[in-house]
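See structure below.
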Amino acid sequence: MAQSKIKNVKSADIELKDKLVAINRVTKVTKGGRTFSFAAIVVVGDENGTVGHGKGKAKEVVEAISKAIDNAKKNLVKVPVINNTIPHTQVGKADGGRVFLKPASEGTGVIAGGAMRAVLESAGIHNVLAKSQGSSNPHNVVMATIDALSKMRDANAVAYQRGVSLDKVFNG
């Protein structure tokens, strides 16, 4: 299939940059009172077509972020980036979140909201039009964006899947 998860990627192989998408203080009420902890959502990417997301939860903010980064490095996907944009229009869904991604011409920039912007910039996409619909929960938006990006196929992948030449894909 077109979805290609990268397995066993070592940080020495790819230089990954991380972006904190959201941090949330969560409370657990116990017999002894309230216990506070922190949940973090992080996106990592090499800005060259590889991106991943992760969640981490811990008593301290720094520890939650480092757990999220470690988790994100285990969930990397490869994205086709052509001329700093995406190859075609795509819709992604995750739980209540839906996103719509559309390629844009050079100089447009990343027209997207917070959580989507972090994912697209980490993937190395510099020109794209994006719309978030449904849930605005950052985790749902991040997962929906990665779902849309993982469904992307470039012309070579389409030609290989159909078993035809690259000329036949464009000229019918």
Side-chain angles (χ1 to χ4, degrees), residues 1-9 14 16-26 38-57 64-65 67-106 108-162 169-170:
M1 199 67 192
Q3 292 183 7
S4 58
K5 279 209 172 189
I6 299 174
K7 302 279 187 200
N8 301 326
V9 175
I14 301 173
L16 296 172
K17 296 179 181 136
D18 54 89
K19 290 187 181 183
L20 180 65
V21 175
I23 189 114
N24 191 21
R25 188 178 81 171
V26 292
F38 296 90
I41 302 169
V42 173
V43 174
V44 299
D46 65 351
E47 297 178 353
N48 196 21
T50 303
V51 67
H53 75 286
K55 283 196 312 185
K57 190 173 170 186
I65 293 170
K67 280 184 178 183
I69 292 169
D70 291 342
N71 185 253
K73 289 179 181 177
K74 296 174 186 174
N75 298 313
L76 296 175
V77 292
K78 190 76 177 145
V79 178
V81 179
I82 301 166
N83 298 331
N84 293 326
T85 189
I86 54 178
H88 56 85
T89 301
Q90 188 66 53
V91 175
K93 296 178 186 175
D95 295 332
R98 288 183 24 206
V99 298
F100 174 76
L101 302 176
K102 185 177 177 182
S105 59
E106 191 63 39
T108 304
V110 178
I111 311 296
M116 288 177 69
R117 177 178 292 273
V119 175
L120 295 168
E121 287 176 350
S122 293
I125 298 167
H126 300 296
N127 300 299
V128 67
L129 301 169
K131 178 72 179 163
S132 174
Q133 300 164 326
S135 172
S136 60
N137 179 328
H139 193 244
N140 287 343
V141 173
V142 167
M143 287 193 313
T145 306
I146 293 204
D147 176 55
L149 291 175
S150 66
K151 291 178 185 175
M152 294 283 175
R153 300 184 304 167
D154 61 349
N156 291 327
V158 173
Y160 177 76
Q161 235 177 357
R162 293 181 186 173
V169 170
F170 289 112

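Below, each value reflects all heavy atoms present in this structure, side chains not excepted, and no hydrogens, waters or symmetry copies. This is a predicted model, so every value here is computed, not measured.
A 4.5 Å side-chain heavy-atom check between Val44 and Val42 finds at least one atom pair inside the cut-off. For the pair His53 and Ile41, the minimum side-chain heavy-atom distance is 4.5 Å or more. Counting heavy atoms from C-beta outward, Phe100 and Thr89 have side chains that approach closer than 4.5 Å. Contact of the Thr108 side chain with the Leu129 side chain is registered, since non-hydrogen atoms from C-beta on lie closer than 4.5 Å. Side-chain contact between Lys57 and Lys67 is absent, with no heavy-atom pair separated by less than 4.5 Å. At least one side-chain heavy atom of Leu120 sits less than 4.5 Å from a side-chain heavy atom of Leu101. Counting only heavy atoms from C-beta outward, the side chains of Val51 and Leu76 never approach each other to under 4.5 Å. Lys102 has its side chain out of reach of Val128: every pair of non-hydrogen atoms, C-beta onward, lies at least 4.5 Å apart.
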Evaluation steps, side-chain contact (heavy atoms from CB on, under 4.5 Å), between Leu20 and Ile65: CA-CA 8 Å; Leu20 180 65; Ile65 293 170; 4.0 Å; yes

Run the side-chain contact (heavy atoms from CB on, under 4.5 Å) check on Ile86 and Ile125 step by step: do they pass? CA-CA 7 Å; Ile86 54 178; Ile125 298 167; 3.5 Å; yes

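Atoms CE and NE2, on Met152 and His88 in that order, are 5.0 Å from each other to the nearest 0.5 Å. To the nearest 0.5 Å, atoms CD (Glu47) and NZ (Lys17) are separated by 4.0 Å. Separating the OG atom in Ser150 from the CD atom in Gln90 is a distance of 8.0 Å, to the nearest 0.5 Å. Atom CD of Glu106 sits about 9.0 Å away from atom NE2 of His126, to the nearest 0.5 Å.
Ala115 and Val141 get closest at one heavy-atom pair: CB-CG1, 3.9 Å. Lys55 approaches Asn71 most closely through the heavy-atom pair N-OD1, 3.3 Å. Taking every heavy atom of both residues into account, Val99 and Ala144 meet most closely at CG2-O, 3.5 Å. Annotation for Lys151 and Val91: closest pair NZ-O, 3.6 Å, computed over non-hydrogen atoms. The shortest heavy-atom contact between Ala40 and Ala68 is O-CB, 3.7 Å.
Between the side chains of Thr85 and Asn127, no donor-acceptor pair is found at a separation under 3.5 Å.
Checking Ile23, Asn24, Val21 one by one against Pro138, the side-chain contact (heavy atoms from CB on, under 4.5 Å) holds for a single residue, Val21.
Remark: the backbone N or O of Gly92 is not paired with any side-chain donor or acceptor of Arg98 at under 3.5 angstrom. No donor-acceptor pair under 3.5 Å is formed between the side chain of Asp95 and the backbone N or O of Gly97. Looking at Asn140, its side chain never comes within 3.5 Å of a backbone N or O of Ser136 through a donor-acceptor pair.
Within a 6.0 Å sphere centred on CG of Asp70, other residues, nucleotides and ligands contribute more than 12 heavy atoms. Other residues, nucleotides and ligands contribute over 12 non-hydrogen atoms within 6.0 Å of the NZ atom of Lys19.
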